[in-house]
Amino acid sequence: MILRRHPSAALLAAAALSSTLACKYEPSTPELHYSLNAKALADNPDLAADGGAQTQLLGALQTMFGTPKNPRFLALPEWLADGFDPNFWGEDHVKADQAAWAALVESNRKAFGQQLSAIRAGGFEAVDRPRFADDLWERWQRLRAELPAGGPDAEYLTTDDGQKVSWREEALYRFENYYPSLANSAAFYHNQCFHCHGAEGGGDGSTSRFLEPRPRDYRPGKFKFTALKGKARPRHEDVFRILTDGVYTTAMPSFRRFTDAQLHGLVDYVRLLSIRGETEILLASFYDPAEGLHFDNLRENYTDVVGRWREAPERLITYAGPIPEVTAERVEHGRALFTTPGEKGGANCVSCHGTSGRGDGPSVWEPGKVGIEFTKDDWGNPIQPRDFTRGVFRFGRRPIDLYRRIYAGINGTPMPEHFGMTITESARQRAMTEDDVWDLVFFVRALASQSPLLARAGGAPAAEGAR
Amino acid sequence: MKHFLLRVLATLLFLAVPVLGVWTFVKADDWGLWFPPIASSYGASIDFLFYVILWMVTVTFIGTEMLLVWFVFRYSKKDATRATYTHGNHTLEMVWTAIPALLLIFVAFSQMKAWTTVKINFPTDGPYTVEKPLMEVYASQFDWRVRYPDPQGDFAGADVIEVPYDITVPANTKVVFRLKSRDVLHSFFVPVFRLKQDAVPGMEIPMWFEATTPGDYDLICAELCGWGHYKMAGKIHVLPRDEFERWLADQRASLYATD
């Protein structure tokens, strides 16, 4: 009745109702799951056509690496016998490094200041729930339920070396020595990294398409910025440094606003994603329509991939002793190496970085002419050689950082390993030494501050059409 | 009787606006919604300007609201007399034009000192000047990076120190620095310093502050700069002068580390 007489009342009621409903509306997030690597599938059309084999592959991967909600490594018995549990990989690694662990405890003390002072004061109700640390919160809840009858300072447990620990000491210890679980780090990853790097670490998150350069795809196991030689997998420290320092002039920011523990946890999860991705690519490549998936070499592949990550620290490029002193002769020698093309026995830097050092060598504007095509990296993304005159270096500007770049090259890009490269000087062939690499470093560093150095020292100006 | 109650109810409703409005301002400090502490030499003068305008607005707000409340009550009578036509009041119009004009002139002149202090008259007496700044702060999507020049004061030198996120400065020293942007508009905002400045690509904008209290303070981007704007944060670490010098020396030494 009333509605027929007052159509505007119906409108009003509908508006009121819809706004109430809008307030109640909560967007539902579907549960994340790992998908198969589209690129690996495309490389093996037989597998791409076989849905059953794909399901098998996904199942095998889930057995080894779990789900996004509960990721974990399948720990092989021989590893455990060796004292190596991949599920506590990062924690064990950081604990072994005294300085890193001290920094972690220090940053935990800062982050959990409220909780620590509340526990010291005895106001256990006042302990706030920390952000992004659900596992710690659960542990705290369980600990609270076990509060001894004798009060917080009553004895709670005895450590392996026979020390008696009170309940309060144990509570403080748990907050100060917090190290996130893999599941917790995965949740943190989904909050902070997922939108660019994607659920499987494929660099294909929803925001990735707006970025140039594109986010890293961890699945092939290649990482550009490490301090290692021989295209090794990164060390824990290498990934951690990317997280704290970011990659300048890319969309990868510095994540220093989070605690050390959180960042170490992210390193662990990135490692899991990368190992998962590499194992998947290997398994997918073995699919044969006549025989199905070869799961008999699954264990072998998995051990290989994990082994490559475990041996990474041995590949560190070290330099014994202090960095040599920069002299005019050394810079001049670096210039000679830099500007002499490969066919004349030089280090051939000019072919990509150009006679002006601006990253505009012939390989960029005449691809193929000098035998190097510097247009795409191993992930298929367009790249450019570094412009040294800008003074921007993506993985650190310290001399040792540049030394490592030139020494071992950059994994996944045409930048080659220079140490041991054959050069010709004074009509004599020899392999490049550490000193030669340093001379190149000094020259590149000088270039960043004095761009006309090349021209003044006899190099040709930038080639026409280079820009 | 019923109509009278409705009149009272409407009047109370309109009265609630100024009462609640003023009350939230009075209680804001207790709720932790008011300003953070001041940690720069000129912060108090910025706050003073804010309070000058706040008081002006408060008086005007309460005055107009009271008038409104009175009108709502007075002229909602059912048996109101016939409206009369009026041609306006010349004196009244002069008054309500002149008072705001005077207030605006007062605001314009009272802020000049603070503006020149913060944005125009850069310190020339301290260790850092516009020609020889302590550092360069680069904004880019989506982080802050600070560059300290090499020992010769050259920002293009090989020994420049570059740090993301953490900006370390000495306390009780007039710190002059340059603000730059690598890509789009950003805004350098340190609430405890009461300092905010847009970073414009292609421009080198000189800025200065004198931090009075050592501590760690938030730096945020106050200009919507893209999808990652919300995460574009930084920290200002204010250290006592001698500690800062030690920190800088450590940074210079670690540049040549081989770890």
Side-chain angles (χ1 to χ4, degrees), chain A residues 99 110 191-192 195-196 206-207 210-212 227 237 241-258 316-326 331 388-393 396-404 438 441-451, chain B residues 136-168 180-184 186 201 215-221 225-237 250-259:
Chain A
K110 229 179 190 173
N191 194 290
Q192 293 291 329
H195 63 82
C196 286
S206 51
T207 47
F210 307 116
L211 305 180
E212 165 59 37
E237 292 83 353
R241 183 165 164 198
I242 293 278
L243 288 172
T244 52
D245 288 6
V247 183
Y248 198 23
T249 68
T250 76
M252 177 74 189
S254 153
F255 284 94
R256 288 194 188 198
R257 68 184 188 283
F258 297 113
L316 179 65
I317 302 168
T318 51
Y319 184 76
I323 293 170
E325 204 172 315
V326 190
V331 174
F388 294 126
T389 58
R390 285 179 70 199
V392 169
F393 300 103
R397 51 181 304 117
R398 300 182 306 161
I400 190 72
D401 298 328
L402 299 176
Y403 176 79
R404 285 166 175 156
W438 277 122
V441 170
F442 297 146
F443 176 67
V444 167
R445 274 167 61 82
L447 208 52
S449 53
Q450 325 170 29
S451 40
Chain B
E136 264 180 9
V137 175
Y138 264 103
S140 64
Q141 287 176 318
F142 297 97
D143 55 7
W144 298 98
R145 243 160 227 263
V146 57
R147 284 160 57 89
Y148 298 88
D150 66 9
Q152 284 76 47
D154 183 3
F155 281 98
D159 289 340
V160 164
I161 295 164
E162 213 176 82
V163 192
Y165 187 80
D166 293 305
I167 298 177
T168 311
K180 295 183 176 188
S181 166
R182 271 207 182 272
D183 33 42
V184 297
H186 299 275
D216 301 339
Y217 305 115
D218 286 329
L219 159 68
I220 46 185
C221 179
C225 58
W227 57 266
H229 168 63
Y230 70 96
K231 58 166 85 175
M232 189 165 165
K235 273 266 185 260
I236 308 261
H237 303 281
D250 278 355
Q251 292 293 311
R252 295 213 186 283
S254 70
L255 204 58
Y256 283 89
T258 55
D259 58 347

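Not measured: the values here are computed from a predicted model. Each chain gets a letter, A, B and so on, in the order the sequences are listed, and its residues count up from 1.
Heavy-atom neighbours of B:K231 NZ from other residues, nucleotides or ligands within 6.0 Å: above the threshold of 12.
With a threshold of 4.5 angstrom between heavy atoms, A:V441 does not approach chain B through any atom at all. For a residue to count as touching a neighbouring chain, one of its non-hydrogen atoms must lie under 4.5 Å from one of that chain's; by this rule B:D216 touches chain A with the side chain only. Only the side chain of B:V163 comes within contact range of chain A, judged by heavy atoms closer than 4.5 Å. If you measure heavy-atom distances from A:T249 to chain B, the contacts under 4.5 Å come from the side chain alone. Looking at B:D259, the atoms closer than 4.5 Å to chain A (heavy atoms on both sides) sit in the backbone and in the side chain alike. Interface residue A:Y248: backbone and side-chain heavy atoms are both found under 4.5 Å from chain B. In this structure, the portions of B:T258 lying under 4.5 Å from any heavy atom of chain A include both its backbone and its side chain.
In this structure, the separation between CG on B:L255 and CZ on A:R397 is 7.5 Å, given to the nearest 0.5 Å. A distance of 5.0 Å separates CZ in B:R182 from CZ in A:R390, rounded to the nearest 0.5 Å. Interatomic distance, A:R256 CZ to B:K235 NZ, rounded to the nearest 0.5 Å: 13.0 Å. Interatomic distance, CH2 of B:W227 versus CG of A:L211, reported as 5.5 Å (0.5 Å rounding). Taking CD of B:E162 as the reference point, atom CZ of A:F393 lies at 9.5 Å (rounded to 0.5 Å). To the nearest 0.5 angstrom, B:Y256 atom OH is 11.5 Å from A:R398 atom CZ.
For the set B:A257, B:G228, B:G226, B:A233, the count of heavy-atom pairs under 4.5 angstrom toward chain A peaks at B:A257. Contact tally against chain A (heavy-atom pairs below 4.5 Å) for B:D154, B:I161, B:V160: the top residue is B:V160. If you tally non-hydrogen atom pairs under 4.5 Å between each of A:T318, A:T207, A:T244, A:T250 and chain B, the highest count goes to A:T207.
B:D143 places no side-chain N or O within donor-acceptor distance of the main-chain N or O of A:P253, the cut-off being under 3.5 Å.
Heavy-atom neighbours of chain A within the stretch residues 145-152 of chain B, taken at a separation under 4.5 angstrom, comprise B:R145, B:R147.
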